[in-house]
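Read the structure below first, then the notes.
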Amino acid sequence: MDLRVGVIGTGNIGTSHALSLHGEVSGASVVGVYDVDADRADAVAQEVQADVYPSPEALINSAEVDAIVIASPDDLHAEQALTALAAGKPMLLEKPLAPTVADARRVLDVEVAVGRRLITLGFMRRFDPGYVQLKEQITTGEVGEVLIVHNVHRNASAPYGLLSDRTMYNMAIHEFDISRWLIDEEFVAVQVIKGRPGPQTPPGQFDPMIVMLTSTNGTLVDIEAFVNAHYGYEVACQVVGSLGVLDMSDGSFITRTARNVRGQSIPDLWLGRFAEAYRAELQAWVNAARGRTGPVGASAWDGFAATSMAEAAARSIGTGTRETIDLPVRPALYS
Ligand code: ISE
């Protein structure tokens, strides 16, 4: 029998997940949707032939729903995750795990008490063919020991009008997670360097910013976080090893030569750049929720660690100094 999925939030990413579950992913059907905007929920429900629920709680607790996709605004993630944990249902929870470390800790503690990994965090880059190759090639050791990771993350314009500190939780958080995953280390300190604001930067905000991270092993990681890059959406990563360099510029786009021009089209949004990552992430999640595999993707612990990094980085925007990242001992559930 198909996994019966309920989707909370039918904005950009929730709609994309619902359509992908309906049309691309096997072993699942979307049976319910909820959105604060009833018309938006209706439109998606009609497309995937699902019911519209009156509240997130009604959807999570429905006997017709086996598993939940939570794609609501960032500050609602923790509460909805706690409701789904109480119902004992597996969930694909969009990042961030929570808007504060204290809230993230509450969710983590409840999952540990439940004793089962019900949360998969939506860090889809772990399923992106480019990042997967980077990880494989780091693991073969061909470029030697990883010494530096340079990350670039640019939005055409600030998504959801993000303020600088929330940029760390919503946008740079992808680099916090992917850097941990790539080098398999935790981070102990972070410093944010604020540059001269570009002409598109609203008053009082900082953009672009360079985030500098120090890992437990002394590996250097930097992130260019630029949310008003204007020209389009772009993500890149370069890994400098003791014997060579791995470069993932935009590996997933075709170079086109025509009419005396050679180049690539740049998407406006991440949905195009990471389409395959989102699809693969959903398929892996469905397989795991159906019991075909063990847990896959990022865990609540990964979400907690990334939120801790975001909170320290947001502090550093204010203080201008290096801030420490304090992580507790990783619970055995995540070893
Ligand atoms: C956005 O919120 C996302 O989650 C996307 O995955 C990311 O690439 C984008 O830059 C964020 O702002």
Side-chain angles (χ1 to χ4, degrees), residues 7-18 20 69-78 92-99 104 120-132 134 151-182 192 198 200-202 205-211 223-237 248-253 266-282 285 297-298 302-303 306-307 309-310 313-314 317:
V7 176
I8 301 179
T10 51
N12 260 343
I13 190 64
T15 299
S16 157
H17 285 333
S20 178
V69 169
I70 300 179
S72 50
D74 293 2
D75 55 346
L76 300 178
H77 291 179
L92 177 67
L93 174 62
E94 271 308 326
K95 33 59 56 177
L97 174 60
T120 301
L121 245 288
F123 285 127
M124 78 298 181
R125 289 189 187 181
R126 294 175 178 224
F127 296 88
D128 174 65
Y131 278 109
V132 167
L134 264 187
N151 296 285
V152 171
H153 188 162
R154 301 186 189 128
N155 289 121
S157 58
Y160 328 110
L162 282 180
L163 301 181
S164 300
D165 58 341
R166 295 323 295 179
T167 296
M168 296 298 136
Y169 296 84
N170 180 281
M171 186 246 199
I173 201 158
H174 281 291
E175 277 74 21
F176 298 153
D177 180 66
I178 209 69
S179 302
R180 293 178 63 247
W181 182 73
L182 282 174
V192 178
Q200 269 114 209
T201 307
Q205 299 304 304
F206 306 103
D207 188 53
M209 294 182 274
I210 303 283
V211 183
I223 305 166
E224 175 197 314
F226 189 10
V227 295
N228 287 293
H230 194 75
Y231 72 92
Y233 177 79
E234 195 157 36
V235 163
C237 181
M248 191 202 70
S249 308
D250 230 327
S252 57
F253 296 108
I266 307 277
D268 287 334
L269 280 182
W270 48 94
L271 291 176
R273 165 65 181 85
F274 287 110
E276 172 51 21
Y278 285 121
R279 191 207 57 78
E281 173 189 59
L282 277 171
W285 174 69
D302 297 315
T307 305
M309 294 170 77
I317 294 177

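In each ligand, atom 1 is the first atom listed, and ligand 1 is the first ligand listed.
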Electrostatic pair D177-R125, nearest N-O below 4.0 angstrom | no
Give a yes or no on whether a salt bridge exists between D302 and R126, defined as a side-chain N under 4.0 angstrom from a carboxylate O.
-> yes
Which of the numbered atoms in ligand 1 are below 4.0 angstrom from a heavy atom of [X]?
X: M124; result: 6 (O)
X: K95; result: 1 (C), 2 (O), 3 (C), 4 (O)
X: H153; result: 7 (C), 8 (O), 9 (C), 10 (O)

Location of contacts on H174 toward ligand 1, heavy atoms closer than 4.0 Å |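 The answer is the side chain.
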Quick check: closest heavy atoms across [X] and [Y], and the distance to 0.1 Å?
X: F123; Y: A298; value: CD1-CB, 3.7 Å
X: S249; Y: A236; value: CA-CB, 4.2 Å
X: M124; Y: A277; value: O-CB, 3.4 Å

Does any N or O in the side chain of H77 come within less than 3.5 Å of the main-chain N or O of I70, such that one atom is a donor and the other an acceptor?
->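 Checked: no pair found.
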Closest to atom 8 (O) of ligand 1 (judged by heavy-atom distance), picking from Y169, F274, W270, Y233 = Y233
Any idea which protein heavy atom is nearest atom 11 (C) of ligand 1, and the distance to it?
->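 I find the closest protein heavy atom is N170 OD1, 3.5 Å.
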Does ligand 1 have any atom sitting under 4.0 Å from a heavy atom of Y278?
->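 Distance cut 4.0 Å: Y278 passes for ligand 1.
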